[in-house]
Every structure is written in structure tokens, then in C-alpha cells.
2 protein chains.
Amino acid sequence: MLVNSNRDRIAERREATRREILDVAWQLARERGLSQLTLRDIAHRVGMRAPSLYSHFESKNAIYDAMFAGAWTECLAVMTAAAGSPADSPRAAMRQLARAFFDFSASDLSRYQLMNQRTIFGFEPSAESYAPAVATLEVLHAALAAQNVTRQADIDLCVAVISGLIDAQLANDPGGDRWSHLLERAIDMLADNLGIPARGTRSTRRSP
Amino acid sequence: MLVNSNRDRIAERREATRREILDVAWQLARERGLSQLTLRDIAHRVGMRAPSLYSHFESKNAIYDAMFAGAWTECLAVMTAAAGSPADSPRAAMRQLARAFFDFSASDLSRYQLMNQRTIFGFEPSAESYAPAVATLEVLHAALAAQNVTRQADIDLCVAVISGLIDAQLANDPGGDRWSHLLERAIDMLADNLGIPARGTRSTRRSP
DNA sequence: GTCTATACACCGATAGAC
DNA sequence: GTCTATCGGTGTATAGAC
């Protein structure tokens, strides 16, 4: 038992160090750009020498991979919460979900680039790190399926329109709201195209 | 006169070298990623040593800048041609323009990243290099104005939807057509939202 | 003018002492 | 687990040959 709790304490400390490294990495990515991240900078801010990072991550790519997983896990939580909160109409449910994703994405360029764009050439997330991204997409699928939107093309169109607004916002007016305030209009446009009623049935299926 | 033609020949040769350097740079950007571009690689493939590039470009950033200018100049030509060719309806004119931009953009990820995304952190194009980008946007403005679409929000929405499709295509199905074939549908959706008639008046204004 | 040679400070990564 | 030392790369810059 004592041995076990000692082990736990060591594992806990290791995990804390890992988290601190990742926190610092995000901080630096926001300051200097995702691709300008250097192991020396990370290590220095954590209070180590660069090679010591290799005791916690096997490579720089592994750090990117852990950052990718963390970002999508966070996004999954945001989206799950948005999908779970009540909405007055099918469109309101869509707006809620889209707004949650937009605000989460637009608040951090570096994070969005790592999650969705190919900014780090050659970076491919591992299967484990990709899992929360898939889970997030499944939240979206379920929300659209509740409005009887199930065709892949319809889903793809929604994804493209929303991420188009995010991209435009981040690339052309970072920190502003020039494209952000177009989101609700875009959702209505999509809802029109997909035949989702403006009001009427609640967003949950088969409820009495 | 002889002096002049000699000067011209030298300038011509210099310009040819510049073009060759830029061609090689694009080639390597496509192979290895935009941010993985190195002066040594460029120089080696051109048949020089790295420092010799400084006789033609004052820095690596100047190479990016020239690439940016070239890409937008090419895009401007494509868009001008698309805007000039006749169309049967206002929507057909919009489809033509959008299709031209989509195909141009989706055919080269690195080029699209340099033109439209913030992949190279800290890179800001010079005013001269930005000019063809502005001119391209003006082609779009003029085309939309011909359909009485002049509000900034309307234009922003069009830009976001089209570039959203391009981003999704490049990020999730590079080389494929999963989002490409949604373009015409997206344009119709936009046209509906903007009140552009499906058929009727030609795309030119005030023609008898 | 254009090139080669060389140098500098930095990068990711590894080896091995402690 | 963290360190120092070091490796082959990188962008950048200068000196000097031709």
C-alpha cells in the first residue's frame, strides 16, 4: 500500500510536469506561432534544459500530438455541453452548437491551426489523439440527425460554411467580429437549404 | 543602343534567374511544405550555393513575398478571365467565378496557405505584393455589384462560404472532390439568401 | 555584379555522466 | 530525471575571389 501510494505520487508528479510543459507550449505557440515553437524555449520557461523534455515526451512531434489531443478533448466538452442544453427550436439548437464551436475556435488561432489546418507540415495525429476529434464530429452528427439531416453531403456543407466563417474571421479580422456576427444568418441560410423548420418540433427526437 | 540592348540582355537574364528560383521554391513548397522551405534546398536545386540567392532576393522573406505576389497575379488573371466570359444567368455568372476560384485554390495547398492562411507566422506581404490580391477582390466586388450585391456583410458571407469549401477540401480530402461538388449547391444557397434570381436579367448591368 | 567560402547563432535530437 | 557536450541541420550575413 505504501509502495502503491508512493508510485501514485510519482506518477502524479510526472503528470503535473507533463501538463506544465503543455501549458507552456500553448502559451509560446500563441505568442510566437505554432511552427515557431522550439524545445529550448519551452524548456527554458518550464525551468529545464531542452534535452530534459525528452524524459517526458519522445519528440517535438509527440508534444504537438498531446496538444492536439488536449485541444479536441476541450472542444468535445464544449460541444457536448452545447448539445445538451435545451433549445426552443431546431434552428436554435443548431445556432447554439455552431456558436459554441465558432467561439471556441475563433478565440485561439494557434489552437485552431493545430486542430483543423495543415500548418505543421507532415504532422499527423496519432489514433488516440484523433479519437476526441472523431467524438466531437459524432456530437455534430447526432445533433443534425435529430433534425433528420443525415446525408453526408448535407453535413459536409454545414461543416464547410461554419469553418469558412471561422477561417475568414481568424485570417482577416483576428480578435474582431466581422464574420462572427454573420454566423446566425449563415445558420438560417443552411437551415433553409436543409429544410429545417424555423420553429415547431423541439430538437429532441420522438419525445411526446 | 548596343549598351542598351546589352543592359536589357543582362536584366533579362537576371529576371530569368529570379523566375527559376521562384519556380523551384514553389516546387519544394509543394514537396516539403511551405514552412519547411530552406534556402540551401532552393539554391541546390537551382544549381547555386545558398548565399548566392542573396544576389537575387534580399532575404527568405522576400522570396515568400515574391511568391505571394506571383500567386495572386496568377489568380487575378484566372478571375478576370472567368468574370469576362459570358454567362446565361446571374447565378451562372456567380457559379463561373466561384468555380474558377475554387479550382485554382484547391489545386495547390501550399499556394493557398501562402495566399490566404497564416501558415508562415509573422509573414506580412509588402504593399506591392498585396496589390494583385486587392485587385482580385475588386473583380469579385464588381461581379457581385452587377447583381446588386454591394453590402459588405453580403460579400463577406460569400467569401466565407466559398473559402470554407476550399479549406474543407484541402484539409480533409486533398486531391479529391468531396467538397468540390458541393460548390454549385452552395452558390445557389447564397444566391437564394441574397435574392439573386435563378434566371432572367443578364449579368451585365444596364444593357438594353 | 555574381559567385564561393566561411562564420554565427539557432534548431531537433542523441550520448553519457551524475 | 536532469544535466553537459555534441551532432548535423537551419537562416542569415560578410569577406573576398573572379
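Please read these numbers as outputs of a predicted model, since none were measured by experiment. So you know, we letter chains A, B, ... as the sequences are listed, proteins then strands, and number each from 1.
- Within the 4.5 Å cutoff, side-chain heavy atoms of I21(A) are placed close to those of I42(A).
- We find that D23(B) and R45(B) are not joined by a salt bridge, their nearest charged nitrogen and carboxylate oxygen being 4.0 Å or further apart.
- Residues S126(A) and S129(A) have side chains that bring a donor and an acceptor to within less than 3.5 angstrom of each other.
- dA9(C) atom P lies 13 Å from atom CZ of R40(A), rounded to whole Å.
- Within residues 41-55 of chain A, the residues approached by DNA chain C to less than 4.0 Å at the level of any non-hydrogen atom are P51(A), Y54(A), in residue-number order.
- Within residues 30-37 of chain A, no residue is approached by DNA chain D to less than 4.0 Å at the level of any non-hydrogen atom.
- A heavy-atom distance below 4.5 Å is not found between the side chains of M67(A) and W72(A).
- In this structure, Q113(B) contributes its side chain and I120(B) its backbone to no donor-acceptor pair below 3.5 Å.
- Across all non-hydrogen atoms, the minimal contact from A82(B) to Q96(B) is O-OE1, 3.2 Å.
- Of all the residues in residues 14-25 of chain A, R14(A) reach under 4.0 Å from DNA chain D with at least one non-hydrogen atom.
- Heavy-atom contacts of chain A under 4.0 Å fall on DNA chain D between two terminal nucleotides, which in 5' to 3' order are dG1(D) to dA5(D).
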Show the numbers, then the answer: is there a side chain to side chain contact (heavy atoms under 4.5 Å, CB included) between D65(A) and F57(A)? CA-CA 10 Å; D65(A) 197 58; F57(A) 295 93; over 6 Å; no

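- Heavy atoms only, all atoms of each residue included: L170(B) and S105(B) are closest at CD1-O, 4.0 Å.
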Which is it for M48(A) and H56(A) under the side chain to side chain contact (heavy atoms under 4.5 Å, CB included) test, yes or no, and what are the steps along the way? CA-CA 12 Å; M48(A) 296 179 172; H56(A) 301 277; 3.6 Å; yes

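- Using a 4.5 Å heavy-atom cutoff, the side chains of R111(B) and E74(B) are in contact.
- Distance alone, capped at 3.5 Å, places no donor-acceptor pair between the Y54(A) side chain and the K60(A) backbone.
- For residues 167-187 of chain B, every residue pair satisfying the side chain to side chain donor-acceptor pair (under 3.5 Å) rule, not counting sequence neighbours, is listed here: D154(A)-R185(B), D156(A)-R178(B), N193(A)-R185(B), R99(B)-S180(B), R99(B)-E184(B), Y112(B)-D167(B), Q117(B)-D167(B), Q169(B)-D173(B).
- A donor-acceptor pair under 3.5 Å links the side-chain atoms of R91(B) to the main chain of I196(B), judged by distance alone.
- Using a distance-only test at 3.5 Å, with no hydrogens or angles considered, no donor-acceptor pair links the side chain of R40(B) to the main chain of A50(B).
- Comparing the end axes of the helix from dG1(C)-dC18(D) to dC18(C)-dG1(D), each fitted to five base pairs by superposing C1' atoms of four pairs onto the next four, gives an inter-axis angle of 10° (nearest 10 degrees).
- If you take CD of E58(A) and C1' of dG12(C), they are 14 Å apart, rounded to a whole angstrom.
- With F101(B) as the fixed residue, the side chain to side chain contact (heavy atoms under 4.5 Å, CB included) test singles out one of V139(B), V78(B), I166(B), L140(B): I166(B).
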